[in-house]
Amino acid sequence: MSSSPASSSVRVRFAPSPTGWLHIGGVRTALFNYLFARKMGGKFLIRIEDTDTERSEKQYTDDILSSLKWLGMNADEEILYQSDRGKIYQSMADDLISKGLAYRCFCTTEEVEATREKMTKEGKKPMYARTCREKNYAAGAGPNGRTSFAIRAKFPLQGTTAFTDMIRGEITFPNTDLDDFVMIRSNGVPTYNYVVVVDDIEMKISHVIRGDDHINNTPKQIFLYEALKAEKPLFAHLPMILGEDKKKLSKRNGETSTNAYRQHGFLPDGLLNFLVRLGWSHGDQEVFTREEMIQFFDFEHVQVTGAVFNPEKLLWINGEHIKKSNPDQLLTILKEDFKFSYSGVSDAYVLTLITHLQPKVKLLKELPEQLKTLVIAGASKVDGSDLKWNKVPEQKAKIKIAIQEFMNDCNSVVSKKGKPTLAECGIGHDEINAKLHDIGEKYTLKLGEFTQPMRLFVTGQPSCNIGLFDLLPIMPWETAYARLEACLKS
RNA sequence: GUCCCUAUCGUCUAGAGGCCUAGGACACUGCCUUUUCACGGCGGCGACCGGGGUUCGAAUCCCCGUGGGGACGCCA
């Protein structure tokens, strides 16, 4: 259903209104625009729709832009602010009035409301009564001395308005159901349906890719394209993201700011990967790199129905991305976004720890939590009172002897070679494994019986997911030894 | 209410008339692996909304019904 215009002509935009934080639904809309632009070698643009002066706030614009930056979706050209363009909107509207395609409406809000209520009661679609439609009022020359007017579109009374949606195909509206919508409010501020067209023309937008809550606005906008004698873009209406209650995602049912996802430890590509799979598919593939998303994206496989936001799958996908990440990059993010720091240990050591931990976490914020007792001297605060060995004192004594033997064994090697870690003394994962198995056999202990207390004390916390055999070789032996001593004393 | 869109496991989805006894993923669950937790491996549970057509043959095409969503603003 999609057409393939010359790639160089593809220009798409993400046009948020700064009336709230950038939320996940907005990110998905931006993403589909971004992917299409990148795939087609076109331009991805951003326009801030701040005509609603009441609700627009600078802090929201800042949040939207910084969130998009975090996600790696920056605009290819200068960002357009609608608040800068008031004069253009006004003069084009005046022009449409002179051509008989729009008119001044002096009706008051109360009058308009009244007819709307009446029509609703009669079971009709609430619309404007078109009182001023054929009056040709001049500015400042309204009925009953009224001077305040809005500008309305003179929408056709008959026929149909249709367009071909890239996702859904042909959509047709009877014109009788469409209103003479307001283009410029009586306070002079233009409305969304009007400025969106003026600006999309100005920006030479080739494809309008947006949420399907805009399908019903499209005929109004088509009217304006025709009135302004401009070439119409192609439209693609994306299905909505739904909350668990299957209603449009909102603050009530789980809408969350993009920033919150960042703080929780989602990777940009993990979040984007989850979002792209909400309403789009590429066979059975679930995990995509950014390059793959761009390479494979198409409108043919965009779903038509809304998709429920599934936090658990998001978590899983994020884990997949963390697994594949470069530890260096992970460390950088940890330092920048999670105030992660360490002392008395080398960068290489921290990086190796991350390598061992990254396949096991789903959220970045788990990393500093698990690392903290490994990379900061004296951070270990272990209480061994919950350990199983406390139940059988003679067993506990035997285990301590076994652990002591392991310590002595390693110690002799380390002091002979004079290196700070077991790994540098030639004792790696497999050697530790063999050593502990031997000791277990010698003292007729199951491996878990004595590695469990060892692991607790060496990691310095009960919830660190690193394997003991992975940790022992790389941890400074001095530290490991001290912690094992504490274990013996407990 | 009117208009627009829509309908495959709980959820995200594959599916373009025979490859479908409907595939994958998340979740749930059984087993295995194992140095706790986790990761991983192998299984299990689980869906074509209903009714009519069209066709030799329908999850797939058409119609109706029903369900769901969205829009009906001097919000965007």
Side-chain angles (χ1 to χ4, degrees), chain A residues 15-19 49-52 54-56 105 107-109 112-113 116 119-128 148-152 165 167-168 171-174 176-179 181-187 189-193 195-196 211-219 237 239-240 242 244 246-248 274 277-287 300-301 303-317 319 323 357 359-362 387-388 432-433 436 446-456 459 462-472:
Chain A
S17 62
T19 54
E49 310 224 318
D50 51 358
T51 54
D52 185 350
E54 297 274 302
R55 297 193 300 150
S56 294
C105 168
C107 295
T108 63
T109 310
V112 172
E113 262 317 302
R116 293 179 57 83
M119 292 177 82
T120 305
K121 257 183 219 161
E122 290 168 359
K124 291 179 188 159
K125 182 173 173 163
M127 296 213 289
Y128 170 60
S148 175
F149 62 91
I151 297 177
R152 286 184 182 271
D165 188 274
I167 296 167
R168 287 154 219 265
I171 301 178
T172 307
F173 297 84
T176 44
D177 278 317
L178 289 151
D179 214 349
F181 59 95
V182 169
M183 291 161 51
I184 297 192
R185 301 177 180 90
S186 49
N187 65 2
V189 179
T191 63
Y192 165 77
N193 278 124
V195 293
V196 76
D212 69 11
D213 48 343
H214 287 290
I215 288 179
N216 292 275
N217 287 325
T218 309
H237 288 97
M240 303 265 85
L242 278 20
E244 303 274 13
K246 301 218 171 196
K247 294 249 184 333
K248 187 174 165 179
F274 170 73
R277 283 285 293 108
L278 234 42
W280 175 80
S281 61
H282 181 70
D284 285 340
Q285 188 169 348
E286 297 287 352
V287 181
E300 285 78 12
H301 293 88
Q303 197 79 8
V304 185
T305 44
V308 174
F309 186 88
N310 180 186
E312 271 141 1
K313 189 154 184 180
L314 168 59
L315 217 46
W316 174 79
I317 287 184
K323 260 180 223 173
L357 252 13
K360 305 183 177 187
V361 301
K362 300 239 187 300
L387 286 166
K388 279 187 202 148
I432 301 267
N433 186 23
L436 290 173
K446 282 188 208 159
L447 203 54
E449 287 177 309
F450 63 108
T451 53
Q452 191 204 4
M454 286 175 75
R455 192 175 174 288
L456 175 66
T459 59
S463 57
C464 182
N465 282 332
I466 196 164
L468 179 66
F469 302 176
D470 290 319
L471 178 58
L472 245 15

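Chain identifiers are assigned alphabetically (A, B, ...) following the order of the sequence lines, protein sequences preceding nucleic acid strands; residue numbering begins at 1 within each chain.
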Across the strands shown, which category fits A/Pro359 at heavy-atom distances under 4.0 angstrom: base, sugar-phosphate, nothing?
sugar-phosphate

Kindly give the heavy-atom pair with the smallest separation between A/Met454 and A/Phe450, and that separation in Å.
CG-O, 3.1 Å

A/Lys121 near the nucleic acid: base, sugar-phosphate alone, or nothing, with a heavy-atom cut-off under 4.0 Å?
nothing

Could you tell me whether A/Gln303 contacts a base, only the sugar-phosphate backbone, or nothing, with contacts defined as non-hydrogen atoms closer than 4.0 Å?
sugar-phosphate

Note: for A/Pro16 and A/Gln285 on RNA chain B, the residue whose nearest nucleotide lies more 5' is A/Gln285

Looking only at atom P, what distance separates B/C61 and B/U8, rounded to whole Å?
13 Å

Among B/C3, B/U6, B/G69, the one nearest A/Pro174 by side-chain distance
B/C3

Nearest to the side chain of A/Lys323 - B/A76, B/U13, B/G40?
B/G40

Testing A/Thr51, A/Asn217, A/Asp52 for side-chain contact (heavy atoms from CB on, under 4.5 Å) with A/Tyr192, which one passes?
A/Asn217

Distance to the ring centre below 6.0 angstrom and angle to the axis at most 45 degrees; does that hold for A/Arg152 and A/Tyr128?
yes

Candidate nucleotides B/G70, B/A7, B/C74, ranked by approach to the side chain of A/Thr305 - the nearest:
B/A7

For a quick check of understanding: with a heavy-atom distance under 4.0 Å over all strands, which category does A/Ser186 fall into, base, sugar-phosphate or nothing?
base

Pick base, sugar-phosphate or nothing for A/Lys246, based on heavy-atom distances below 4.0 Å to the nucleic acid.
sugar-phosphate

Looking for any heavy atom pair under 4.0 Å, which part of the strands does A/Phe469 touch: base, sugar-phosphate only, or nothing?
base

Taking all heavy atoms of A/Met119 and all of A/Pro126, pick out the closest pair and write down the distance.
CB-CA, 4.1 Å

Expressed as a whole number of Å, how far does the C1' atom of B/G23 sit from that of B/C75?
44 Å

Counting side-chain heavy atoms from C-beta on, which of B/A71, B/U35, B/A76 comes nearest to A/Leu468?
B/U35

Give one of base, sugar-phosphate or nothing for A/Glu49, where a contact means two heavy atoms less than 4.0 Å apart.
sugar-phosphate

Please give the distance between the C1' atoms of B/G67 and B/U29 as a whole number of Å.
31 Å

B/A59 versus B/U21 - spacing of their C1' atoms, nearest Å
14 Å

A/Ser463 near the nucleic acid: base, sugar-phosphate alone, or nothing, with a heavy-atom cut-off under 4.0 Å?
nothing

Which of the following nucleotides, B/G23, B/U6, B/A71, is nearest to the side chain of A/Asp284?
B/G23

Please confirm whether the shortest side-chain N or O distance from A/Thr120 to OP1 or OP2 of B/G1 is below 4.0 Å.
no

Identify which nucleotide among B/A38, B/C4, B/A71 has an atom closest to any side-chain atom of A/Lys360, counting heavy atoms from C-beta outward.
B/A38

Starting at CG of A/Leu471 and ending at P of B/U35, how long is that distance when rounded to a whole Å?
16 Å

Base, sugar-phosphate, or nothing: which does A/Lys446 touch, judged by heavy atoms less than 4.0 Å apart?
nothing

What contact category does A/Asn217 fall into here, base, sugar-phosphate, or nothing, at under 4.0 angstrom with non-hydrogen atoms?
base

Describe the nucleic acid contact of A/His214 in one word from base, sugar-phosphate, nothing, applying a heavy-atom distance below 4.0 Å.
base

In this structure, how many angstroms lie between the C1' atom of B/G40 and the NZ atom of A/Lys362, rounded?
11 Å

So which one's nearest nucleotide on RNA chain B is more toward 5', A/Glu122 or A/Gly448?
A/Glu122

Mind running salt bridge (charged side-chain N to carboxylate O under 4.0 Å, His left out) on A/Asp177 and A/Lys125 for me, showing each step along the way?
CA-CA 7 Å; A/Asp177 278 317; A/Lys125 182 173 173 163; 5.1 Å; no

Any idea which of B/A27, B/C5, B/C12 is nearest the A/Arg277 side chain?
B/C12

Does A/Lys125 contact B/C72 through a side-chain donor or acceptor facing the base, at a distance under 3.5 Å?
no

Please list, chain by chain and in numerical order, all residues satisfying side-chain hydrogen bond (donor to acceptor under 3.5 Å, both in side chains) with A/Lys362, sequence neighbours excluded.
none

Whole-angstrom distance between B/G52 and B/C42, as gauged at atom C1':
45 Å

Taking B/G10 as the reference, what is the distance to B/G46 when you measure between their C1' atoms (whole Å, please)?
9 Å

Under a 3.5 Å limit on both distances, the Watson-Crick or wobble mate of B/A7 is B/U66

May I ask you to test the A/Asn193-A/Met183 pair for a side-chain heavy-atom distance under 4.5 Å?
no

Listed nucleotide nearest any side-chain atom of A/Arg55, set B/U35, B/C75, B/C4
B/C75

Contact between A/Leu278 and A/Phe309 at the side-chain level, heavy atoms closer than 4.5 Å - yes or no?
yes

Which listed nucleotide (B/U2, B/U6, B/G15) is nearest to the side chain of A/His301?
B/G15

Considering only the C1' atoms, how many Å lie between B/C63 and B/A7, rounded to the nearest integer?
16 Å

Counting the atoms with a prime plus P, OP1 and OP2 as sugar-phosphate, which does A/Leu278 contact under 4.0 Å by heavy atoms, base, sugar-phosphate, or nothing?
sugar-phosphate

Rounded to whole Å, how long is the line connecting atom CH2 of A/Trp316 with atom P of B/C12?
16 Å

Test your reading of the model: is there a side-chain donor-acceptor pair from A/Arg168 to the backbone of A/Ile171, 3.5 Å cut-off?
no

Pairing nucleotide - B/C28, Watson-Crick or G-U, each distance under 3.5 Å:
B/G44

Can you figure out which of B/U35, B/C72, B/A76 approaches the side chain of A/Thr451 most closely?
B/U35

Which part of the nucleic acid, if any, lies within reach of A/Thr51 when heavy atoms closer than 4.0 Å are counted: base, sugar-phosphate only, or nothing?
sugar-phosphate

Interatomic distance at C1', B/C20 relative to B/C48, whole Å
10 Å

Hey, does A/Ile432 reach any base, or is it just sugar-phosphate, or nothing, if we go heavy atoms under 4.0 Å?
nothing

